[in-house]
J.: 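I'd like to ask some things about the structure below.
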There are 2 protein chains.
Amino acid sequence: MTDSPSGTRRPAPLDPDMFDPLCPSSAMPFRVGDKWTGMVIRCLEDGPRRFTELRAPLRAVTPKVLSETLRAMERDGLLTRTSYDENPPRVEYTLTPLGRSLLPLLDAARTWSRTHLPLLLAARTAHEQEAP
Amino acid sequence: MTDSPSGTRRPAPLDPDMFDPLCPSSAMPFRVGDKWTGMVIRCLEDGPRRFTELRAPLRAVTPKVLSETLRAMERDGLLTRTSYDENPPRVEYTLTPLGRSLLPLLDAARTWSRTHLPLLLAARTAHEQEAP
DNA sequence: AGCGCCGATACCGTTGAAGTAACCGGGGTC
DNA sequence: GACCCCGGTTACTTCAACGGTATCGGCGCT
């Protein structure tokens, strides 16, 4: 309650390394919506975030693609976009209940990956070595 | 135990309409691996299937794409391909334990879709109508 | 001889998602 | 007046997945 001008509780800053670049979706065999939708949901699970806040952990995604992803998610009712008429401009993205309902699924996918993804990658590597 | 020449228990025939063409993956916001991987896993969950057996419910997918999907899944250790030296040729695809481990996730995705997909589609439609 | 079955493969075209680079407006700051 | 920040947008290019059509080889059937 120190520097929260509009009364909204700000969640802790996002870790810029919260996504392993070695596991982009090439290895992760799951996708929710577009390529970055799942990661955006993860970024928003603790509260509303601004555009540039989302870009910190998602620095691999260009503003164009992030903006496309966000507009698609807004269209699908997964998040809401709130623009404050301030200066500098401020825009906040917040998960809707529908968007939150995907969190358990993302958890399940993450759990699967932790336990089984090494097996999948090992099978892939083995296959490449026996038939190069 | 009537017409099972090689002793393998054959599961019931697949329903050619087991996949709703109105819900291809355009609406289903989940993907496991490639576009058809999830459906192949569903087709194989009751036991091994032959190539043409898989084509019955997946008649939208051409043999080329199905064969590509199957080879990718074999490479990733999700299924095994067994070729019998008979005539006419016979090839069977069977889920591995790793492939089976994805079934709970597919169940979870299906459950989500049943309860929440209408909301998502309604939001999409509403958005299209207010901003055409 | 000709046709069909099974399980593919080869060749080629289309599509759409993703990426690159540049730019915008409007106010604050130096 | 020059520059920066925020939250994007626009135009252009790239690339892999996807799809369509044609074909194959070996055998059996008629």
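Remember, predicted model here, so these are calculated numbers, not experimental data. Letters go in sequence order (proteins before strands), and every chain restarts at 1.
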J.: Report the distance from atom CG of B/L66 to atom P of D/dG19, rounded to the nearest whole Å.
T.: 11 Å
J.: Of the non-hydrogen atoms in A/V32 and A/T37, which two are nearest, and what is the gap between them?
T.: O-CB, 3.0 Å
J.: Answer yes or no: is there a donor N or O on one side and an acceptor on the other, between the side chain of A/R59 and the main chain of A/P16, under 3.5 Å?
T.: yes
J.: Quickly work out the A/L70 CG to D/dG7 C1' distance and round it to whole Å.
T.: 11 Å
J.: If I take atom CZ in residue B/R81 and atom P in nucleotide C/dC6, what distance separates them, rounded to the nearest angstrom?
T.: 16 Å
J.: When you check the gap from the basic side-chain N to the acidic O, do A/D107 and A/R42 get nearer than 4.0 Å?
T.: yes
J.: Roughly how many Å is it from CZ in B/R59 to P in D/dG20, rounded to a whole number?
T.: 14 Å
J.: Measure CZ/B/F51 against C1'/C/dT9 and give the value in whole Å, please.
T.: 10 Å
J.: Would you say a side-chain N or O of A/R50 is under 4.0 Å from OP1 or OP2 of D/dC6?
T.: no
J.: In plain terms, say whether B/E68 and B/K64 are close enough for a salt bridge, that is, a side-chain N and a carboxylate O under 4.0 Å apart.
T.: yes
J.: Within the pair A/T52 and D/dG7, is there a side-chain N or O less than 4.0 Å away from OP1 or OP2?
T.: yes
J.: So, is B/R90 near the phosphate of C/dC5, with a side-chain N or O under 4.0 Å from OP1 or OP2?
T.: no
J.: Detail all sub-3.5 Å separations between protein N/O atoms and N/O atoms belonging to nucleotides 18-27 of chain C.
T.:
residue, atom, partner, partner atom, Å
C/dA18, OP1, A/K35, N, 3.1
C/dG19, N7, A/K64, NZ, 2.8
C/dG19, O6, A/K64, NZ, 2.4
C/dG27, O4', A/N87, ND2, 3.4

J.: If you look at every heavy atom in B/P63 and B/F51, which pair is closest and at what distance?
T.: O-CZ, 3.7 Å
J.: Using every non-hydrogen atom in the two residues, find where B/E92 and B/R50 come nearest and quote the distance to one decimal.
T.: CG-CG, 4.3 Å
J.: Is the shortest side-chain N/O distance from A/Y93 to OP1 or OP2 of D/dG8 below 4.0 Å?
T.: yes
J.: Any donor-acceptor pair under 3.5 Å linking the side chain of A/R31 with the backbone of B/D34?
T.: no
J.: Tell me whether the side-chain N/O atoms of B/R71 come closer than 4.0 Å to OP1 or OP2 in C/dT9.
T.: yes
J.: Would you mind classifying the nucleic acid contact of B/R55 as base, sugar-phosphate or nothing, using non-hydrogen atoms under 4.0 angstrom?
T.: nothing
